[in-house]
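Below is one structure, written out as structure tokens; comments come after it.
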Amino acid sequence: PPPPFPWPTAAVPPRRSAAGLCACAVRGEVAREGGMRSPSPSTSDSPRIGEEQGSTWQPGPLQRVPAAASGPETYALFRPSEVLYGPNSSRIRRLEAEMVGVRLGDVYDALALPWQIDRKDVNGPFGSDWTEGLEPDFWVSTDTGKVCFAALEATPSASSSSAPAAHVDRPGQYHKEVAGPWRHFASAAEAPGDHGGFHCCTVSAGPAAAPRSASWTLVAKLADFGLAMGRDAGLRVEFAALVRDDCEALVASMGPHDECRSLFCVDEGLHLPAGTLLLADPAELADLGGDGPAVPSGLGAGRYPVYISKDEMDTVCRITVAFHPVSAGKVSPRFPPFASSAKVATAVTVATLVPVSPSPSASSTAAQPAASPLRSPSPAGLARPTLPPRPPVSSPSSSKAAAVAAAAPKEALRSSSASS
């Protein structure tokens with residue numbers, strides 16, 4: 001039947017809401033230009049579709065709250081194999097079951113938008129304002145939009161034809177000016193900042209740290225970067241981490257510290273023959289030596305912070321490069337996060353993150369154990385958490401049930417009770 005209120009000839013019909021368009025797509029109907037569709041007989045069969053298909057629905061406006069929601073954040077720690085290939089991998093990573101075996105390189109080109117940020121002049125800064133005030137272990141820069149995790153071989157002799165033009169086998173920070181040599185610095189604080197040139201670093205995970213025979217897995221987390229420079233950035237790599245396979249160094253939770261959502265494998269079964277790892281722009285490997293997988297670096301060219309994490313035995317278990325300010329202040333220097341020194345005993349229980357109130361009383365402060373050291377305050381202003389009293393080891397059943405409800409089932413969960 002004809003519509004009761006036909007549109008005027010010179011008028012433009014109003015745009016349908018997203019709910020109306022989805023309803024049309026689900027039922028296989030096509031809207032006619034210049035008039036409203038008449039109700040379909042199948043409308044009454046679906047309680048989710050309104051009777052008037054041309055009606056609109058306006059959601060309430062988003063409001064900024066003064067502080068994050070209070071309350072404990074329950075989380076669990078996983079090894080890379082448990083997150084990527086375990087029986088609950090799809091639940092932990094919030095992916096479809098058929099996406100469990102997919103690697104980052106298989107889907108990134110199809111998901112990411114075909115544009116990135118470039119540096120106009122290599123003699124000038126990158127312009128990453130969010131990196132100001134951070135105190136990472138090292139820095140790495142890239143002009144190609146990728147960061148390479150390269151395992152260094154044993155240093156060749158000077159007479160060898162395969163010897164690289166620059167030796168970066170010494171752990172520490174490296175910086176090179178344009179047309180200049182690579183210079184070594186013992187710490188990132190001593191090296192030049194974002195004032196032009198190129199940055200790379202060498203991380204020691206060798207004899208005094210993780211065994212050389214240990215295997216590593218490189219993972220990367222995808223996230224929606226929203227708007228950047230006035231345009232849609234879409235899905236990008238939020239951070240990339242090289243995790244030792246025998247260490248539980250990936251955090252899964254339903255809160256802001258979750259690291260497993262949309263986590264993909266980049267490469268696995270990696271080894272460090274010389275016990276050192278080079279983080280650099282892939283274009284610099286011809287001079288630096290080494291070889292390994294590369295990860296897209298967020299929005300493209302930039303200078304990015306590198307964080308080193310150790311386990312309770314003071315061995316390097318994770319090397320993380322942050323490509324977004326959200327993840328820059330959340331990487332824990334210890335795994336489990338509460339372990340502030342070597343050989344800390346752990347309880348087979350589930351931990352919670354309890355934020356500190358803005359003005360705690362003296363009695364409540366005295367009752368709380370000391371918090372684990374954090375690298376720096378979170379860019380988002382996350383309150384420093386404290387450690388709740390450790391539950392008894394003899395009754396882990398109730399805590400384990402809480403972990404299943406919060407993240408995913410797991411055979412054994414270690415207690416880790418500080419902010420990542």
Side-chain angles (χ1 to χ4, degrees), residues 104-105 119 122 126 136-188 190-192 196-220 237 240-245 266-297 301-308 315-316 318-321 323:
L104 180 69
R119 183 167 55 162
V122 294
F126 287 95
D137 296 297
F138 301 106
W139 292 94
V140 60
S141 67
T142 174
D143 285 285
T144 61
K146 292 184 178 181
V147 171
C148 185
F149 289 70
L152 293 178
E153 300 289 342
T155 305
S157 60
S159 60
S160 174
S161 59
S162 61
H167 295 286
V168 290
D169 55 315
R170 295 173 56 193
Q173 181 70 51
Y174 289 85
H175 177 264
K176 183 182 74 169
E177 296 181 355
V178 179
W182 286 99
R183 295 188 299 160
H184 174 265
F185 300 88
S187 64
E190 301 176 4
F198 312 94
H199 304 260
C200 74
C201 64
T202 301
V203 180
S204 174
R212 300 186 182 185
S213 59
S215 61
W216 301 72
T217 298
L218 181 60
V219 295
V237 177
L242 185 68
V243 186
R244 209 174 69 221
D245 289 340
V266 179
D267 203 351
E268 58 186 343
L270 303 176
H271 296 273
L272 306 178
T276 52
L277 176 74
L278 172 66
L279 296 173
D281 190 327
E284 303 291 342
L285 293 185
D287 293 336
L288 300 178
D291 188 19
V295 181
S297 56
R303 176 172 170 262
Y304 299 104
V306 180
Y307 297 97
I308 309 301
T315 60
V316 176
R318 171 171 161 173
I319 303 168
T320 308
V321 182
F323 301 122

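Positions are given from 1, in the same order as the sequence printed here.
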inquiry  = Looking at E177 and G196, would you say the former's side chain and the latter's main chain have a donor-acceptor pair under 3.5 Å?
reply    = no
Residues passing the side chain to side chain contact (heavy atoms under 4.5 Å, CB included) test with A280, sequence neighbours excluded, are C200, L278, L288
Which of D137, V321, T320 passes side-chain contact (heavy atoms from CB on, under 4.5 Å) with V306? It is V321
Rounding to 0.5 Å, atoms CG (L152) and OG1 (T276) come to a distance of 4.0 Å
Hits for side chain to side chain donor-acceptor pair (under 3.5 Å) against S141, two or more places apart or cross-chain, chain-then-number order -> none
Taken to the nearest 0.5 Å, the spacing of F323 CZ from T142 OG1 works out to 8.5 Å
Those residues at least two apart in sequence (or on a different chain) that pass side chain to side chain contact (heavy atoms under 4.5 Å, CB included) with P282 are T144, K146, C148, A294
In this structure, CZ of R119 is separated from CZ of F126 (nearest 0.5 Å) by 3.5 Å
With sequence neighbours left out, the residues meeting salt bridge (charged side-chain N to carboxylate O under 4.0 Å, His left out) with R303 are none
The salt bridge (charged side-chain N to carboxylate O under 4.0 Å, His left out) partners of D281 (sequence neighbours excluded) come to none
Only residue of V243, D267, L272 satisfying side-chain contact (heavy atoms from CB on, under 4.5 Å) with W216 is L272
With sequence neighbours left out, the residues meeting side chain to side chain donor-acceptor pair (under 3.5 Å) with R183 are none
Across all chains, not counting sequence neighbours, the ring-ring contact (aromatic ring centres under 6.0 Å, His included) partners of F149 are none
For D245, the side chain to side chain contact (heavy atoms under 4.5 Å, CB included) test, sequence neighbours excluded, returns P80, S215, T217
Taken in chain and number order and not counting sequence neighbours, the residues that satisfy ring-ring contact (aromatic ring centres under 6.0 Å, His included) with Y174 are H184
